[in-house]
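Can you keep this structure in mind? I'll have questions shortly.
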Amino acid sequence: KVIYSGKNLPTCSPVAVPSCGVLYNYPENAVIQKSFTKCYDQPYSHSTSSADLAKCSGSSLIFVGAKSSSGSNTFAIGAFGVTSNVLKTTSSATQAYIDDGGAYWYRYPGWSFGFASSSTVNLNSCDYNNPDCSNRLCFHLDQNVGGYRAGCTVGLNGDSTWRKVIYKGDYLNSCSPDIMVTVESEQTTANKGQ
């Protein structure tokens with residue numbers, strides 16, 4: 001339990017996201033408990049389209065992840081971000097941009113959609129960079145092929161077991177799956193001493 005007091009209280013905004021970065025073995029239930037709703041869930045063999053991603057707009061925040069199977073309750077890899085940043089069209093095959101969620105995102109129509117822990121990507125058409133492979137997720141976008149990567153697991157183009165999953169929501173105060181943050185005002189803290 002974390003208690004904040006005094007004049008330096010954290011501010012919460014419906015479009016702010018903590019700097020979560022790339023998350024590993026993240027419980028799906030933690031996303032659901034944060035009042036996010038599923039907007040996309042397909043096997044890696046499915047051809048992801050810009051229309052699929054458009055179904056995930058209309059909220060402030062987004063979570064993109066990969067699960068090893070439909071029965072898995074854990075995302076092997078995932079990241080939170082501000083929807084307008086995550087779904088922004090990009091046009092570089094070598095550069096992703098940072099979102100305030102701590103992951104570097106790209107959405108290059110006709111190529112791919114995904115994130116990495118650094119701004120350096122190598123889209124051909126999906127990110128096949130291997131440095132820090134565990135920190136990368138990529139879906140082919142607007143092509144007649146599924147895939148491609150969930151961390152270091154690559155070549156998922158025809159895989160019908162691994163899942164590409166996206167959730168959307170409007171508020172996130174913590175990336176931790178089980179943290180409880182209590183905010184107390186200066187007045188409340190002062191009254192405890194009386």
Side-chain angles (χ1 to χ4, degrees), residues 20-32 34 36-59 61-81 83 85-96 99 101 103-118 120-169:
C20 304
V22 178
L23 301 166
Y24 315 97
N25 301 317
Y26 197 76
E28 185 170 21
N29 198 39
V31 179
I32 296 166
K34 294 175 187 318
F36 278 59
T37 57
K38 193 181 297 182
C39 56
Y40 181 73
D41 184 354
Q42 293 291 334
Y44 261 78
S45 59
H46 177 262
S47 300
T48 305
S49 69
S50 290
D52 292 326
L53 297 181
K55 294 174 188 172
C56 296
S57 62
S59 65
L61 303 171
I62 197 166
F63 176 84
V64 178
K67 299 191 319 179
S68 60
S69 71
S70 61
S72 175
N73 295 324
T74 305
F75 289 101
I77 185 171
F80 287 99
T83 304
N85 292 341
V86 171
L87 297 182
K88 185 183 297 183
T89 298
T90 59
S91 59
S92 173
T94 59
Q95 189 77 29
D99 166 73
Y104 291 82
W105 296 89
Y106 54 90
R107 180 182 160 256
Y108 194 166
W111 288 59
S112 54
F113 167 74
F115 61 79
S117 63
S118 74
T120 303
V121 295
N122 200 343
L123 306 183
N124 183 28
S125 63
C126 242
D127 181 16
Y128 68 91
N129 243 1
N130 281 327
D132 300 317
C133 66
S134 63
N135 299 315
R136 299 175 182 279
L137 176 141
C138 187
F139 306 160
H140 286 295
L141 184 62
D142 299 324
Q143 299 184 44
N144 291 325
V145 64
Y148 163 75
R149 90 177 307 152
C152 297
T153 304
V154 297
L156 296 171
N157 297 5
D159 192 288
S160 60
T161 304
W162 276 82
R163 307 293 293 185
K164 304 182 277 189
V165 184
I166 304 176
Y167 278 83
K168 63 182 183 176

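Positions are given from 1, in the same order as the sequence printed here. Basis for what follows: all heavy atoms, side chains included, without hydrogens, waters or symmetry-related copies.
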request  = On the 0 to 90° scale, with breaks at 30° and 60°, tag the Y44-F139 ring pair as parallel, tilted or perpendicular.
outcome  = perpendicular
request  = Mind running side-chain contact (heavy atoms from CB on, under 4.5 Å) on K34 and F63 for me, showing each step along the way?
outcome  = CA-CA 11 Å; K34 294 175 187 318; F63 176 84; over 6 Å; no
task = Please confirm whether the backbone N or O of L87 pairs with a side-chain atom of R107, one donor and one acceptor, at under 3.5 Å?
result = yes
inquiry  = Test your reading of the model: is there a side-chain donor-acceptor pair from K164 to the backbone of H46, 3.5 Å cut-off?
reply    = yes
Passing candidate, side-chain contact (heavy atoms from CB on, under 4.5 Å) with Y26, options V22, L23, N29 = L23
message = Could you report the tightest heavy-atom contact between S59 and G169, atom names first, then the distance?
response = CB-O, 3.3 Å
message = Looking at S72 and K67, would you say the former's side chain and the latter's main chain have a donor-acceptor pair under 3.5 Å?
response = no
note = When every non-hydrogen atom of V121 is compared with those of A116, the smallest separation belongs to CG1-CB, 4.2 Å
inquiry  = For the OG atom of S125 and the NE2 atom of H140, what is their distance to the nearest 0.5 Å?
reply    = 4.5 Å
Gap separating the CH2 atom of W162 from the OG atom of S70, nearest 0.5 angstrom = 13.0 Å
message = Show every salt bridge (charged side-chain N to carboxylate O under 4.0 Å, His left out) that has at least one partner inside residues 122-143, sequence neighbours left out.
response = D127-R136
message = On a heavy-atom basis, which atom in S160 and which in P43 lie closest, and how many Å separate them?
response = O-CB, 3.7 Å
request  = Over all heavy atoms of both residues, which pair between R149 and C152 is shortest? Give the atoms and the distance, please.
outcome  = NH2-CA, 4.4 Å
request  = Drop me the distance from S68's OG to I77's CD1, to the nearest 0.5 angstrom.
outcome  = 13.0 Å
task = Locate the shortest heavy-atom distance separating Y104 from A96; write the atom from each residue and the value.
result = CB-CB, 3.8 Å
query = Checking S47 side chain against V145 main chain: does a donor-acceptor pair fall under 3.5 Å?
reply = yes
remark   = The reported gap from CZ in F36 to SG in C56 (rounded to nearest 0.5 angstrom) is 11.5 Å
inquiry  = Rounded to the nearest 0.5 Å, what separates atom OH in Y108 from atom OG1 in T89?
reply    = 11.0 Å
request  = Nearest 0.5 Å please: distance from the CZ atom of F113 over to the CG atom of L141.
outcome  = 8.0 Å
ask   = Taking C-beta and beyond as the side chain, do Y128 and V154 meet within less than 4.5 Å on heavy atoms?
value = no
query = Are the side chains of Y167 and E28 in touch, meaning some heavy atoms are under 4.5 Å apart?
reply = yes
ask   = Taking all non-hydrogen atoms of both residues, which atom of F80 and which atom of C20 are closest, and how far apart?
value = CD1-SG, 4.0 Å
inquiry  = For the backbone of W111 and the side chain of Q143, can you confirm whether one donor and one acceptor N or O come within less than 3.5 Å of each other?
reply    = yes
